[in-house]
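Remarks on the structure that follows.
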Amino acid sequence: MVDFHKRILFGDEAHFWLNGYVNKQNCRIWSEANPQVYVETPLHPEKLTVWCALWAGGILLKNDEGHNVTVSGDRYRAMITNFFIPELNNHDVQELWFQQDGATCHTARAQSIY
């Protein structure tokens, strides 16, 4: 397959805390500042969740409606159905490989209502 690498799309979401807090589990910051400084942060700071996909055709970016939104399987499925697929249709994509991690919301199964 010619130009296979141009057909891979990488997608993931991240939380951005509006008070400047950085989740050090997912981000490493190297600094000469004193690492022993105590910084008080609220128990549940306000955050914004952003989903991004990168591929040779560009960048697709979406932020969730409102603040402090938890990414659940239902919300992720709705975002894929209502945003991601229509956006891809706007780019005239013929064949694409979609790469995502194994986060719980990415592997959730739709619940049957029977």
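Please read all numbers here as calculations on a predicted model, not as lab measurements.
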Residues at least two apart in sequence or cross-chain that pass side-chain contact (heavy atoms from CB on, under 4.5 Å) with Asn82, listed by chain then number, are Ala78
Tell me whether the centres of the aromatic rings in Phe10 and Phe98 are closer together than 6.0 Å.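 So the answer is no for these two rings.
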Tell me if the aromatic rings of His5 and Trp55 count as close, with their centers under 6.0 Å from one another. no
Can you name the side-chain hydrogen bond (donor to acceptor under 3.5 Å, both in side chains) partners of Asn90, sequence neighbours left out?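 Applying side-chain hydrogen bond (donor to acceptor under 3.5 Å, both in side chains) to Asn90 gives none.
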Those residues that, when tested against Gln100, pass side-chain hydrogen bond (donor to acceptor under 3.5 Å, both in side chains) (two or more places apart): Tyr76
Rounded to the nearest 0.5 Å, what's the gap from [atom1] on [X] to [atom2] on [Y]? Could you check?
| X | Y | atom1 | atom2 | value |
| --- | --- | --- | --- | --- |
| Lys62 | Thr49 | NZ | OG1 | 11.0 Å |
| His15 | Lys47 | NE2 | NZ | 4.5 Å |
| Asp12 | Gln99 | CG | CD | 10.0 Å |
| Glu46 | Leu48 | CD | CG | 9.5 Å |

Would you mind reporting whether [Y] and [X] have side-chain heavy atoms less than 4.5 Å apart?
| X | Y | answer |
| --- | --- | --- |
| Leu96 | Leu88 | yes |
| Phe16 | Val50 | yes |
| Leu60 | His91 | yes |
| Phe83 | Leu61 | no |

Minimum-distance pair of heavy atoms, taken over all atoms of Pro86 and Thr81: CD-O, 3.3 Å
Show the nearest heavy-atom pair for residues Cys52 and Ile59, with the distance to one decimal. SG-CG2, 3.7 Å
Hey, quick one: are Leu54 and Ile8 part of the same hydrophobic cluster, counting side-chain heavy atoms closer than 4.5 Å, chains of contacts allowed? no
